[in-house]
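Report on the structure given below.
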Amino acid sequence: MIISTKKGTPQVELDRIIDNFEKQGLSVTLIRGEDYNVFGLVGDTTKIAEKDVLANPWVDNVTRVSAPYKRANRLFHPEDTVIDVRGVQVGAAAPVTVMAGPCSIEGAEHTMRMAQLVKAGGATMLRGGAYKPRTSPYSFQGLGTEGILDMVRAREATGLPIVSELMDEAHIDEFEEYVDVVQIGARNMQNFQLLKAVGKMHKPVLLKRGLANTIEEWIMSAEYIMAGGNEQVLLCERGIRTFEKYTRNTLDLSAIPVVKEKTHLPVIVDPSHATGNYKYVQSMAMAAVAAGADGLEIEVHDNPQCAWSDGAQCLKPDLFAETIEKCRLIAHAVGREM
Ligand code: PEP
Ligand code: MN
């Protein structure tokens with residue numbers, strides 16, 4: 001971290017600044033200029049916030065040289081992390097993974113049918129929401145435990161690991177017992193209490209990027225989970241809010257190489273919530289694989305017009321299978337199995 005102080009800062013203030021940082025275990029180098037003084041701080045500066053340093057009226061400018069995250073940082077963990085989900089490997093050179101299924105779980109029979117259909121179309125995991133974060137309190141809120149148990153039965157029949165969203169700490173025991181990948185939805189990306197709780201879990205976490213969050217904020221949320229002891233984090237880009245209206249969100253494809261450069265965690269892309277329209281899902285899925293995504297999360301429904309949520313963005317099983325086939329060609333072209 002580099003700090004410059006204002007012209008004419010008295011020596012006693014400079015000494016106070018040095019003393020304050022040294023007490024925090026940092027080594028401080030002072031470069032004296034004619035008008036300004038510049039400090040270089042070396043050590044673990046993750047606990048220091050730039051805006052707190054600026055609270056000192058003698059401080060003119062603060063520049064962070066290193067990233068504020070440690071555990072997620074590729075600098076301290078150069079190898080790609082590979083996450084094992086019931087025998088399905090995700091990350092590094094592992095085959096591109098495919099999490100697919102309905103937005104909401106819609107009962108035992110439908111879940112079983114969807115699991116079989118997505119498996120036949122190339123899915124490696126079954127996704128489905130039993131607790132739904134809906135914008136309106138009057139919309140369907142999810143089947144709850146019953147939905148989770150529908151997924152468990154589908155897993156027993158197909159062998160597909162199950163991915164489902166956790167919204168409330170109160171359901172942690174249920175998820176620990178039944179769910180293979182705990183999804184933290186975009187709306188909860190900065191629910192720090194929930195992130196801390198998930199950091200104590202023993203299951204991989206699929207952390208979706210918030211609707212309007214920067215990549216650094218997203219990685220800091222991963223850091224929350226990892227700081228709690230759970231290092232099995234998968235980052236999921238699902239589109240961010242922009243001024244564009246023709247798509248539900250804007251898929252930030254550039255997040256894939258950026259996250260891969262900054263962190264060692266696997267990156268999953270959700271082209272369904274990113275576009276909000278089934279017509280655009282295939283091309284964005286192919287683009288994500290081309291850009292190096294370690295996996296896809298895609299909503300699939302056999303009768304999208306009657307889906308209990310997000311029907312407009314669900315692929316019918318045939319289009320899903322065709323999409324995976326095309327993604328496979330892309331994966332092979334970029335030297336990846338799928
Ligand atoms: C979902 O995956 O069903 C979901 C609600 O996604 P997001 O949190 O990305 O909106
Ligand atoms: Mn959905």
Side-chain angles (χ1 to χ4, degrees), residues 97-106 110-111 114 118 123 125-137 139-144 147-148 150-151 161-168 171 175 179-191 194-195 198 204-213 215 217-218 221-222 225 233-242 247-253 255 259 267-278 280-281 284-285 288 293 295-316 320:
T97 213
V98 182
M99 307 165 173
C103 178
S104 294
I105 289 299
E106 302 180 9
H110 184 256
T111 307
M114 290 311 304
V118 296
M125 298 186 210
L126 173 67
R127 68 138 281 145
Y131 298 94
K132 296 301 303 175
R134 306 306 300 279
T135 302
S136 166
S139 299
F140 174 61
Q141 301 288 308
L143 290 178
I148 297 288
D150 291 342
M151 293 186 88
I162 58 180
V163 185
S164 202
E165 177 167 352
L166 173 75
M167 296 213 303
D168 190 334
H171 302 135
F175 275 63
V179 172
D180 302 309
V181 177
V182 178
Q183 178 168 316
I184 296 297
R187 289 154 194 80
N188 273 319
M189 190 207 87
Q190 286 192 315
N191 180 341
L194 187 62
L195 298 179
V198 160
V205 178
L206 180 71
L207 177 67
K208 296 192 106 178
R209 180 175 178 183
L211 278 66
N213 285 106
I215 295 174
E217 287 164 342
W218 182 26
S221 291
I225 299 169
V233 180
L234 303 133
L235 291 167
C236 180
E237 162 63 37
R238 47 78 73 204
I240 49 174
R241 276 210 172 152
T242 66
T247 49
R248 181 175 177 179
N249 292 292
T250 297
L251 180 60
D252 182 6
L253 279 172
V259 161
V267 185
I268 308 296
V269 169
D270 169 354
S272 306
H273 292 87
T275 61
N277 187 326
Y278 78 94
Y280 310 136
V281 170
M284 289 301 95
L296 299 168
E297 184 177 42
I298 300 181
E299 288 188 340
V300 181
H301 201 284
D302 53 350
N303 186 6
Q305 277 134 298
C306 296
W308 294 3
S309 56
D310 284 351
Q313 66 199 34
C314 286
L315 300 187
K316 286 188 181 170
F320 168 69

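Counting convention: from 1, in listed order, for ligands and their atoms alike.
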Legend entry - CG on D270 to CG on L251, rounded to 0.5 Å: 8.5 Å
Legend entry - Side-chain donor-acceptor pair present, H110, D150, cut-off under 3.5 Å: no
Inset, instruction - Can you see which heavy atom on Y278 is nearest to which on C314, and at what distance? - result: CB-O, 3.4 Å
Legend entry - T97 OG1 to E297 CD distance, which is reported to the nearest 0.5 Å: 11.0 Å
Inset, instruction - Answer yes if the side chains of D310 and H301 hold a donor-acceptor pair under 3.5 Å, and no otherwise. - result: no
Inset, instruction - At a cut-off of 2.8 Å, list the protein N/O/S atoms near the Mn ion (ligand 2), residue plus atom name. - result: C103 SG, H273 NE2, E299 OE2, D310 OD2
Inset, instruction - Compare all side-chain heavy atoms of L211 with those of R187 and state whether any distance is below 4.5 angstrom. - result: yes
Legend entry - Spacing of CD belonging to Q183 relative to OH belonging to Y131, to within rounding of 0.5 Å: 14.5 Å
Legend entry - ligand 1: protein residues within heavy-atom distance under 4.0 Å: C103, R127, K132, P133, E165, Q183, G185, A186, R187, K208, R238, H273, E299
Inset, instruction - Determine the sole option in R248, R127, K316, R238 for which the salt bridge (charged side-chain N to carboxylate O under 4.0 Å, His left out) test with E299 is passed. - result: R127
Legend entry - Parallel, tilted or perpendicular: rings of F140 and W308 (30°, 60°): perpendicular
